2 protein chains.
Amino acid sequence: MIPPETQLDLTFAALADPTRRAIVARLLEGDAPVSDLAKPFAMSLAAVSKHIAHLQRAGLLTQKRTGRVRICRLELDALRPASVWMAALGHIDEVDLDQLEARLGDLGLLEPE
Amino acid sequence: MIPPETQLDLTFAALADPTRRAIVARLLEGDAPVSDLAKPFAMSLAAVSKHIAHLQRAGLLTQKRTGRVRICRLELDALRPASVWMAALGHIDEVDLDQLEARLGDLGLLEPE
DNA sequence: GCTAAATTCAACCAAACGGTTGACGATTCA
DNA sequence: TGAATCGTCAACCGTTTGGTTGAATTTAGC
């Protein structure tokens with residue numbers, strides 16, 4: 001099992017490249033074979049294949065082969081840890097303080113005021 | 001002016017490293033000088049300084065020098081384009097399905113159940 | 001004015017990245 | 001069977017990254 005820290009590393013790194021973000025965006029419109037994904041880009045198929053591998057390592061993309069074609073599917077769930085991390089930055093005050101307080105309360109560590 | 005595509009590159013790349021994410025998290029608790037930020041890490045000050053420079057390039061961190069000390073401040077606003085990009089991924093499905101359904105309905109292509 | 005402290009700068013290193021080309025394996029189809 | 005197609009693999013190349021160490025710079029304090 002991948003340590004969660006590494007999961008975030010892989011996810012953010014996967015999104016840090018414009019080619020990969022374009023592939024992700026394209027997959028929102030539906031599953032697609034590798035060659036279709038590669039078409040818009042002025043680079044070799046092998047290069048796109050590597051980008052896809054990168055997305056796969058991050059769990060953002062899965063492939064299912066049917067014949068000689070590999071259909072790529074976007075796995076939006078894999079995006080959630082990164083999304084949560086970012087969202088937490090904006091709200092950490094409220095969320096974390098509440099949870100901390102609740103936990104401290106459960107443990108009887110909260111001093112009455 | 002930085003092209004917006006590059007802005008996303010820099011932001012996601014900045015977040016793709018655990019040291020930098022830890023620095024960001026630490027700065028949520030308040031501004032801090034470089035050496036304070038460096039303390040938790042088992043690496044040289046120069047290394048942390050480079051990480052900070054990386055965050056600065058992405059616009060996520062600004063410095064204000066007071067004397068020989070540099071106070072670092074988190075710039076959460078710089079996170080917004082990346083956050084928006086990710087949020088868009090999560091909702092495009094619903095949106096598109098709704099629009100598709102509406103369009104099909106308009107065309108009389110929707111089968112009654 | 002001298003010394004110590006807080007950072008950055010510069011040079012270096014190994015590893016990863018993003019791309020290329022060419023060979024290879026699998027599959028379809030005539 | 002043989003030729004074409006889809007995609008990956010392998011080797012290579014130049015650049016970037018994340019770290020090191022040591023010197024340079026700027027400010028503080030005695």
Side-chain angles (χ1 to χ4, degrees), chain A residues 2-3 5-27 30-74, chain B residues 2-3 5-27 30-74:
Chain A
I2 304 176
E5 187 184 56
T6 304
Q7 174 59 39
L8 284 177
D9 292 3
L10 291 175
T11 305
F12 283 125
L15 298 181
D17 181 279
T19 301
R20 288 192 293 266
R21 284 198 306 274
I23 290 175
V24 167
R26 164 66 182 73
L27 285 176
D31 301 356
V34 173
S35 352
D36 278 23
L37 293 179
K39 262 174 211 145
F41 303 106
M43 68 181 71
S44 70
L45 181 62
V48 173
S49 180
K50 279 201 207 176
H51 282 298
I52 289 175
H54 210 141
L55 289 168
Q56 272 181 302
R57 259 184 287 135
L60 286 168
L61 183 154
T62 53
Q63 282 184 341
K64 187 177 121 198
R65 40 180 314 176
T66 67
R68 60 185 165 181
V69 97
R70 260 108 160 159
I71 302 292
C72 299
R73 151 169 293 143
L74 183 58
Chain B
I2 305 175
E5 186 184 56
T6 304
Q7 174 58 40
L8 284 177
D9 292 3
L10 290 176
T11 305
F12 282 125
L15 298 180
D17 181 279
T19 301
R20 288 193 292 265
R21 285 197 306 276
I23 290 175
V24 167
R26 165 63 181 76
L27 284 176
D31 301 357
V34 173
S35 353
D36 277 23
L37 292 179
K39 260 174 212 146
F41 304 107
M43 69 181 69
S44 69
L45 182 61
V48 173
S49 181
K50 279 203 207 174
H51 281 299
I52 288 176
H54 209 141
L55 290 168
Q56 272 180 303
R57 258 184 286 138
L60 286 168
L61 182 153
T62 53
Q63 282 184 342
K64 187 178 121 200
R65 37 181 318 175
T66 67
R68 61 186 164 180
V69 98
R70 261 111 161 157
I71 302 293
C72 299
R73 152 169 293 140
L74 184 59

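Since the model is a prediction, treat every value here as computed from it, not as a measurement. To find a chain, count down the sequence lines: A is the first, B the second, and so on, and within it residues start at 1.
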### Query
What's the CD1-C1' distance between B/I71 and D/dT27, to the nearest Å?
14 Å
### Query
Has the side chain of A/T11 got a donor or acceptor atom that lies under 3.5 Å from a matching backbone atom of A/Q7?
yes
For residues 61-70 of chain A, which side-chain donor-acceptor pairs fall under 3.5 Å, sequence neighbours excluded?
{"unit_1": "A/T62", "atom_1": "OG1", "unit_2": "A/E75", "atom_2": "OE2", "d": "2.7"}
{"unit_1": "A/R65", "atom_1": "NH2", "unit_2": "A/G67", "atom_2": "O", "d": "3.2"}

### Task
Go through B/D9 and A/R21 one step at a time and tell me if the side-chain contact (heavy atoms from CB on, under 4.5 Å) criterion holds.
CA-CA 9 Å; B/D9 292 3; A/R21 284 198 306 274; 2.7 Å; yes
#### Entry: Any residue meeting side-chain contact (heavy atoms from CB on, under 4.5 Å) with B/A58, in chain and number order, not counting sequence neighbours
B/L10, B/A14, B/L60
### Query
Which residue pairs pass the salt bridge (Lys or Arg N to Asp or Glu O under 4.0 Å) test when at least one of the two sits in residues 40-50 of chain A, sequence neighbours left out?
none
### Task
Classify every nucleotide of nucleotides 11-21 of chain C by which part a protein heavy atom approaches to under 4.0 Å, writing B for the base, S for the sugar-phosphate alone and - for neither, in 5'-to-3' order.
B-----SSBBB
### Task
Nearest whole angstrom, please: distance from the P of C/dA6 to the CG of B/L37.
14 Å
### Query
In B/S/- notation, 5' to 3', how is nucleotides 23-30 of chain C contacted by protein heavy atoms closer than 4.0 Å?
---SBS--
### Query
What residues form a salt bridge (Lys or Arg N to Asp or Glu O under 4.0 Å) with B/R73, not counting sequence neighbours?
B/D31
### Task
Report yes if some heavy atom in the side chain of B/T19 is under 4.5 Å from a heavy atom in the side chain of B/M43; otherwise report no.
yes
### Query
side-chain contact (heavy atoms from CB on, under 4.5 Å) between A/I23 and A/V48: does it pass, once the steps are laid out?
CA-CA 9 Å; A/I23 290 175; A/V48 173; 4.2 Å; yes
